[in-house]
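Single-structure report; data block below.
Atoms within each ligand, like the ligands themselves, are counted from 1 in listed order.
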Amino acid sequence: MPKTFLSIGECMIELSQAGDGHLKKGFAGDSFNTAWYARAFLGNDWRVSYFTALGTDRLSDEMLSFMNGAGIASDHVRRIEGRNPGMYMIHLKDGERSFQYWRDTSAAKLLAEDGDRLRAAIDDAALVYFSGITLAILSPGDRSRLLAEIRRARELGKTVAFDPNLRPRLWENTETMCAAVSDGARVATMIFPSFDDEHSHFGDANPEATAKRYRDLGAELVAVKDGENGIRIMSAGPVTHVPAHPANPVRDTTSAGDSFNGAFLAMHLRGQPCRDAAAFAAKVAARVIEQPGALIGTDHLPQPDAA
Ligand SMILES: O=C(O)C(=O)C[C@H](O)[C@H](O)CO
């Protein structure tokens, strides 16, 4: 019986630059991207499942077909009559991305409204993944419900992986964002922050400070992503540094961190030591940012044994 990797969050319609001046429609969202890259590198002994809410409209149907076509289970996805998927557009400046969102009334904002459905999905899983964006889109009550269920998962011995993915625009203010993200970190066993965001919003002086702050909140492992400066991993022993992998040229940095997380978790679940898992995940992230959009075809991805 395969174990389940469950990712919780919002998948949106993605509009990215196709290269010929046209916009390309895709489906993406940070927690979905991580599920997608985990699926690419996990074997059949793992099932990857996505938990979200969608509408009953045509684009929601298309998104579900896309998920299922990628081998990602959607059996816990709630369908809400009258709601639609959110949408975002990627803007690029010298390869660096920024996002514009249309998601204020998306179905996914209600993903944690149904506590029984949430608990059933989490009960089925061996690993639960979520992010600061997952927390940002929820009402305070639903956020507390989700965190309580995830805390319970951790107490039951499940692995809980979390990316703070700080997006100030999705929060009413920085204080609320930092408090909620810290609450998220308190229920996680593995945390994948990005140093530039943590420096901007938590004031960390260096990646080691970010790693220590999250370790002090109770995580067993923190892998701090720092772009070209590589990754710092802090667990029980001393901090390990893993260099970044060169990307040539950088075309679109969307999903660099999400793909790192998915590939790292897959390699970790396959039994690789953290340093090797991070080296492989850095290579995956480098390939991802050479292509437009969050999700790139598996033909562009490295093979695990080539890491
Ligand atoms: O910003 C978001 O909420 C997204 O999920 C869009 C992108 O896919 C994601 O941020 C990339 O990390």
If I compare all heavy atoms of [X] with all of [Y], which pair ends up nearest, and what's the gap?
X	Y	answer
Ala121	Phe51	CB-CD1, 3.5 Å
Thr105	Arg83	O-NH1, 3.0 Å
Lys25	Leu59	NZ-CD2, 3.9 Å
Ala294	Glu14	N-OE2, 3.1 Å

Atoms of ligand 1, numbered as shown, that sit under 4.0 Å from any heavy atom of [X]:
X	value
Ile133	1 (O), 2 (C), 3 (O)
Asp258	9 (C), 11 (C), 12 (O)
Ser255	11 (C)

Between Arg167 and ligand 1, which residue portion shows a heavy-atom distance shorter than 4.0 Å: side chain, backbone, both, or neither? side chain
Under 4.0 Å, heavy-atom basis, I'd like to know which part of Met12 is in contact with ligand 1: side chain, backbone, both or neither. side chain
Tell me, please: is Arg103 in heavy-atom contact with ligand 1, that is, under 4.0 Å? yes
In this structure, does ligand 1 have an atom that sits under 4.0 Å from one of the heavy atoms of Tyr101? yes
Name the orientation class of the two ring planes belonging to Phe280 and Phe41 (parallel below 30°, tilted from 30 to 60°, perpendicular beyond 60°). perpendicular
Taking distance alone, with no angle check, do Thr254 and ligand 1 share an N/O pair under 3.5 Å? no
Polar contact flag for Asn33 and ligand 1 (N/O pairs, less than 3.5 Å): yes
closest protein heavy atom to atom 5 (O) of ligand 1 is Asp30 N, 2.8 Å
In this structure, atom 7 (C) of ligand 1 is nearest to the protein heavy atom Tyr88 OH, 3.5 Å
Would you check if the side chain of Ser259 reaches a backbone N or O of Tyr37 as a donor-acceptor pair within less than 3.5 Å? no
Who pairs with Arg119 by side-chain hydrogen bond (donor to acceptor under 3.5 Å, both in side chains), at least two apart in sequence or on another chain? Glu149
Can you find a side-chain donor-acceptor pair between Thr253 and Glu96 that sits under 3.5 Å? yes
